[in-house]
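Okay, structure first, notes after.
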Amino acid sequence: MLNEEQDENIIDFNFDITPLLNFFKKRYAQLFFLSLIIYLITENHILGSGPDGLTLALQYELIAHHSFNMAYGGHLIYSDVTDMTWFVNGYYGKQSYGLAFILLPFYAIGYAIDNGIYSPFGYQDLFDRIGIAIISSILVAEMYRINKNLYNNEKIAAISALALGFGTTIFPFSEVIFYHTFSALALLEFTYYSYIYLKGKGSALKLMASSFFAGIGAFVDNSVAVAVLTVAILLLVFSILLNKSEKKAVVESFLLAVAVPLIIQIWLNQLVFGDPLFFAGLEGSLFSLKNALTHFAYYIISPYRGILFFDPILILLLYYAFRYYAKRPILGSLTILPFLTTILFVSSYYYWDGGLSFGPRFLVPEMPLLFMWFPAIRNRKVLFTFAGISYAINMLASLMALVPVSPTNYFGFGNPFSFYQFYHNALFLINGKAPLWISLGNGIYPSLALTYFVIVFDTCFLVLYSYYTLVR
């Protein structure tokens, strides 16, 4: 028998799981994990030659050789990476390095499992995608938190978050190694905290923190820089018009949003190229207003990149944003103008269409801003109809997020009047050959049954949770 002294030294392994259960009862946690499960189940394993291939190649060089040179040792092993530029003694990425840095902890796990061998289709690739899925799941949960605070309606805020995460092209871009969902999260936080600060309800510290985050987002995803700058300018202008007494925080936030990406990029230019003013990828003229208005129209109505076909719910949200603008002019300006200025900016870019991708990928960061109007729409039947249609489109998109382009023409990579991307993904649906990560153990493509299981599982999971949310 144990005496009392011995009994006191026995470790008690009993613990209270009530706090853990209470955590999972919270809507924020439920939305995060629901989104993460669906994103992980629907993960793609196809790799492109753009930001995704470049990110993996750069991460490998950083860990294996502690170098930015992707021809380290005199030979290039990344034949599938096209977004590179030659500089003095090697090949270097000519897109932002930000995503490679952010996902490096995830990549390191895959690198270790792959025994340090470069494998673009191995665990290195998988763990980067898991990192993206986590970021996107946080975006969904944050959309819920923000709309709950704005409208004091937990149920419709939850539905708005699900509609954002699965009823827009955020869905397919949560399954590939692209930077758009990270910059979307950064821009959303900056816009929200700017709005509540201008309304006299937010703290200066949170405003400045969000502006710093937005600056990081602009460094990671250069295409969002115009939207961040637009929000920063509007913050400054409205603070003057409203005669805010505390302008110090506004000015500091403006400077943070503008200066942070520039300072980081200039420092990186010096570190990598030895020239702070050498911006890789901008050696030639890539911008032109010649076809800007044409491309602008394509982003709205084209079956190749237009939100009318890929994200129809955005058309509805834009309509109501303009309709309710007079009631909430500050929110209207902070959500509509960044969206429109971004379309104009990317429409002036030579690679306006985004290349190998499904839908208007350059507009992904600005989509959450329009969803700040979702709970304001009282016609729920119309709202849920648009959300359902958008989900069906992007569920199809999630089967193959990096879609090959149709035959080229002088407007860009693909024919702006082509339904090729829908046709291409529909074939994957019919044939059951979606390139899903969960199928790699049995070959490149899963069985027909597995493809349909993923579609049915995702849809039922979302529908049942939405129903539970609305009727509870």
Side-chain angles (χ1 to χ4, degrees), residues 32-53 55-56 80 103 106-107 109-110 113-114 119-137 139-140 162 165-181 310 356-359 361 364 390-405 420-465:
F32 171 81
F33 285 105
L34 181 148
S35 301
L36 183 60
I37 290 170
I38 293 179
Y39 289 147
L40 292 179
I41 287 177
T42 324
E43 286 283 13
N44 284 195
H45 64 71
I46 294 296
L47 194 69
S49 59
D52 47 348
T55 296
L56 283 171
D80 58 334
L103 296 178
F106 295 95
Y107 179 87
I109 299 173
I113 298 174
D114 286 331
S119 176
F121 301 102
Y123 286 100
Q124 300 159 57
D125 173 59
L126 175 60
F127 275 88
D128 265 2
R129 292 174 192 265
I130 290 174
I132 292 294
I134 291 173
I135 292 170
S136 299
S137 300
L139 174 62
V140 172
L162 292 176
F166 302 98
T168 67
T169 41
I170 283 175
F171 190 0
F173 281 100
S174 298
E175 300 163 0
V176 291
I177 310 171
F178 277 64
Y179 34 66
H180 300 302
T181 57
F310 291 90
L356 302 178
S357 58
F358 192 96
R361 76 175 178 91
V364 166
S390 294
Y391 167 73
I393 292 170
N394 287 285
M395 180 70 246
L396 178 68
S398 71
L399 298 178
M400 178 67 171
L402 298 181
V403 184
V405 294
Y420 173 77
Q421 295 193 324
F422 292 97
Y423 169 75
H424 183 275
N425 276 28
L427 289 180
F428 277 99
L429 176 65
I430 295 170
N431 297 326
K433 289 188 175 182
L436 303 174
W437 251 105
I438 60 175
S439 70
L440 274 184
N442 299 314
I444 294 179
Y445 298 120
S447 65
L448 185 68
L450 185 56
T451 299
Y452 287 124
F453 167 78
V454 169
I455 296 171
V456 172
F457 176 87
D458 289 359
T459 303
C460 290
F461 204 1
L462 286 169
V463 169
L464 290 174
Y465 185 82

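Because the structure is predicted, anything quoted here is derived from the model rather than measured.
Proximity of Leu40 to Glu175: side-chain heavy atoms (C-beta onward) are nowhere separated by under 4.5 Å. With a 4.5 Å cut-off on side-chain heavy atoms, Leu436 and Glu43 do not count as touching. Under the 4.5 Å side-chain criterion, counting only non-hydrogen atoms from C-beta, Asp52 is not in contact with Val176. The closest side-chain heavy-atom distance from Leu139 to Phe32 is not below 4.5 Å.
Summarising the geometry, atom CZ belonging to Phe127 is positioned 12.5 Å from atom CD1 belonging to Ile177; distances are rounded to the nearest 0.5 Å. To the nearest 0.5 Å, atom CD1 of residue Ile37 and atom CD1 of residue Ile41 are 7.0 Å apart. Between the CG atom in Asp128 and the CD1 atom in Ile109 there is a gap of 10.0 Å [rounded to 0.5 Å]. Atom CG in Leu399 sits 4.5 Å away from atom CD1 in Ile455 (nearest 0.5 Å). Rounded to the nearest 0.5 angstrom, Asp114 CG and Asp125 CG are separated by 9.5 Å. If you take CD1 on Ile38 and CZ on Phe171, they are separated by 6.5 Å, rounding to the nearest 0.5 Å.
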Residues Leu36, Ile130; criterion side chain to side chain contact (heavy atoms under 4.5 Å, CB included); working and verdict:
CA-CA 9 Å; Leu36 183 60; Ile130 290 174; 5.7 Å; no
Going through the distances and angles, do Thr169 and Asn394 end up as a side chain to side chain donor-acceptor pair (under 3.5 Å)?
CA-CA 6 Å; Thr169 41; Asn394 287 285; 4.9 Å; no
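A pairwise comparison of heavy atoms in Pro51 and Thr55 identifies O-OG1, 2.6 Å as the closest pair. Listed here is the closest heavy atom pair of Ile132 and Thr181: CG2-OG1, 4.1 Å. A pairwise comparison of heavy atoms in Ser390 and Gly167 identifies CB-O, 2.9 Å as the closest pair. In terms of heavy-atom proximity, Gly165 sits nearest to Tyr39 at O-OH, 2.9 Å. Taking all atoms of both residues into account, the shortest heavy-atom contact from Trp437 to Gly122 is CH2-O, 3.3 Å.
No side-chain donor-acceptor contact under 3.5 Å links Gln124 to the backbone of Ile113. Between the Tyr391 side chain and the Leu462 main chain, no donor and acceptor come within less than 3.5 Å of each other. The main-chain N or O of Ser137 is never found under 3.5 Å from a side-chain atom of Ser35 such that the two would form a donor-acceptor pair. Proximity of a side-chain donor or acceptor of Asn44 to a complementary backbone N or O of Thr42 within less than 3.5 Å is detected. A donor-acceptor distance shorter than 3.5 angstrom exists from the side chain of Ser398 to the backbone of Met395, with no hydrogens or angles considered.
More than 12 heavy-atom neighbours from other residues, nucleotides or ligands sit within 6.0 angstrom of CZ on Phe422.
Taking the six-membered ring where the residue is Trp, Phe358 and Phe310 present perpendicular rings, their angle passing 60° and hence far from 30°.
The ring of Phe106 has its center no closer than 6.0 angstrom to the ring center of Tyr123.
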